[in-house]
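In what follows, every chain begins at residue 1, and chains take the letters A, B, ... in the order their sequences are listed.
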Number of protein chains: 2
Amino acid sequence: MVTKEEDFSKFQRPAIAVDVVVFTIKDGDLRVGLIEREEEPFLGKHALPGRFVRYDEPIEETAKQALKLKANINPHVVFLEQLYTVGQDLRRDTRIRTISIVYYGLVESNKIDFQPGQKFHWHSIYNLPVLAFDHKNIIEYAIKRLRKKVIESDFAFQLMPEEFTLTELQRAYEIILNEKQDKRNFRKKLFELKVVKALHKKKMEGAHRPAELFSFVRRK
Amino acid sequence: MVTKEEDFSKFQRPAIAVDVVVFTIKDGDLRVGLIEREEEPFLGKHALPGRFVRYDEPIEETAKQALKLKANINPHVVFLEQLYTVGQDLRRDTRIRTISIVYYGLVESNKIDFQPGQKFHWHSIYNLPVLAFDHKNIIEYAIKRLRKKVIESDFAFQLMPEEFTLTELQRAYEIILNEKQDKRNFRKKLFELKVVKALHKKKMEGAHRPAELFSFVRRK
DNA sequence: TCAAAAGTGTTCTACCTACACCCATGT
DNA sequence: ACATGGGTGTAGGTAGAACACTTTTGA
């Protein structure tokens with residue numbers, strides 16, 4: 001890291017935390033997971049699940065622990081990726097100088113079971129509550145990056161169940177990007193990119209032609 | 001940051017540093033700035049300029065101080081952008097658990113004056129010395145991201161002088177991307193994007209037709 | 001007048017966009 | 001037989017790729 005040896009104990013270290021912007025699709029809406037704070041600062045405001053990085057904890061593990069302990073989410077069902085590190089504003093946490101490594105997480109909403117009375121809830125990105133710290137900015141940035149990622153990669157699959165119909169997948173894209181997609185073009189592109197494979201199973205549902213089920217093909 | 005108040009003093013904090021991958025174009029080559037280490041660990045090996053984040057120092061300021069103090073570069077002439085935060089491997093720094101926020105910096109090589117005997121030097125990315133810590137990986141990742149950025153934005157301007165000819169700019173792109181560009185297509189694209197403006201000045205040099213000088217137009 | 005780099009246009013191709021009709025099912 | 005969402009093909013436009021010759025200067 002540093003070229004010249006420095007006396008590490010001579011100066012106070014900033015605290016370092018991980019915050020996670022967890023996204024899901026639920027009730028036709030893109031939602032983020034937030035926790036209602038139970039103490040100062042920002043008592044009663046909503047915040048991203050986060051956690052200080054322990055001395056012997058890899059940062060992705062910190063992100064997973066935050067999900068588990070703060071949001072009661074099993075980290076194994078969440079797709080996690082590092083986003084950005086916030087450390088410009090010295091007073092973003094009023095208690096202590098804190099640098100925060102932000103991750104985003106994608107999860108299929110019905111992989112999560114809620115317990116009654118828990119403090120973690122989903123909020124539509126179009127109707128966010130008042131947020132603690134600089135978490136509003138962080139969420140907005142995460143949404144921008146999520147959309148970019150979705151356009152240029154397989155990203156949206158992380159929000160889908162194992163088996164899905166193409167219409168369901170298209171809906172997910174539309175919800176994330178907040179714009180209608182053309183059915184024929186959408187499918188053409190999927191097949192060109194070879195990211196889905198037909199399972200030769202039908203999803204029977206409703207008074208109409210049954211839809212073919214597909215699953216995601218991981219790309220090399 | 002964190003939802004539930006925690007006793008910050010209860011656990012030891014990891015150290016947090018900033019490392020900067022400084023790029024320049026020199027002698028027809030893409031180069032990174034490295035420092036030869038003067039102590040253990042990795043004595044004699046080369047490393048990126050870096051610095052621990054002070055308690056009251058914004059992280060970008062840490063990056064700038066690293067450039068100034070370790071590389072003797074005036075931070076004002078460097079374009080800086082955050083890249084990624086490395087904190088998975090607990091032993092990447094053998095002395096202490098260190099999380100490192102990596103920035104890349106772009107600088108025009110002749111904005112920098114070297115002092116005799118200094119430890120900071122430019123190294124071609126095609127001929128890197130043995131590197132300390134995990135700095136080889138970091139540099140490789142930075143190159144990948146630099147190329148991506150150059151393709152989809154104005155990035156390369158950060159490596160150019162105030163006034164330049166289109167051939168010089170094209171050379172910069174070719175050096176970064178390591179592939180030839182077509183002169184006509186290159187210019188067509190530049191004009192379509194309206195990122196350069198003609199200065200109606202000529203650069204007379206050599207036994208051939210003089211080239212028009214251009215400067216960069218910052219986009220809205 | 002020659003060498004050396006500057007400057008300039010057109011054609012072909014591939015991909016993206018827009019768009020409308022038939023199909024299989026439940027009621 | 002009708003309502004509902006599932007499934008498919010084609011034509012036009014646009015942006016990127018390939019490609020060669022004329023111009024201006026210094027020696």
Check whether the side chain of [X] and the base of [N] form a donor-acceptor pair under 3.5 Å.
X      : N      : answer
B:K183 : C:dG7  : yes
A:K188 : D:dT10 : yes
B:R184 : D:dA20 : yes

How long is the line joining [atom1] of [X] and [atom2] of [N], in whole Å?
X      : N      : atom1 : atom2 : value
A:F191 : D:dG6  : CZ    : C1'   : 12 Å
A:Q181 : D:dG6  : CD    : P     : 16 Å
B:D182 : D:dA15 : CG    : P     : 18 Å
B:K202 : D:dT24 : NZ    : P     : 9 Å
B:H208 : C:dA5  : NE2   : P     : 6 Å
B:E205 : D:dA27 : CD    : C1'   : 16 Å
A:M204 : C:dC23 : CE    : C1'   : 14 Å
B:E168 : C:dA5  : CD    : P     : 13 Å

Which listed nucleotide ([options]) is nearest to the side chain of [X]?
X      : options                : answer
B:A207 : D:dG26, C:dA5, C:dT25  : D:dG26
B:N185 : D:dT25, C:dA24, D:dC19 : D:dC19
A:R187 : D:dG6, D:dT24, C:dA6   : D:dG6

Counting C-beta onward and ignoring hydrogens, is there a side-chain heavy-atom pair between [X] and [Y] closer than 4.5 Å?
X      : Y      : answer
A:P129 : A:L34  : yes
B:V78  : B:L106 : no
A:Y126 : A:N178 : yes

When B:G206 and A:F214 are each assigned the nearest nucleotide of DNA chain D, the 5'-most assignment goes to A:F214
Name the residue closer to the 5' end of DNA chain D, choosing between A:A211 and B:K189 according to the nucleotide with the nearest heavy atom.
->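 The answer here is A:A211.
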Distance only, no hydrogens: is a donor on one side chain within 3.5 Å (strictly under) of an acceptor on the other, for B:E57 and B:T62?
-> yes
Would one find a side-chain N or O of B:T167 under 4.0 angstrom from OP1 or OP2 of C:dA6?
->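 Answer is yes, contact under 4.0 Å.
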Pair B:R31 + B:D29: basic N to acidic O under 4.0 Å | yes
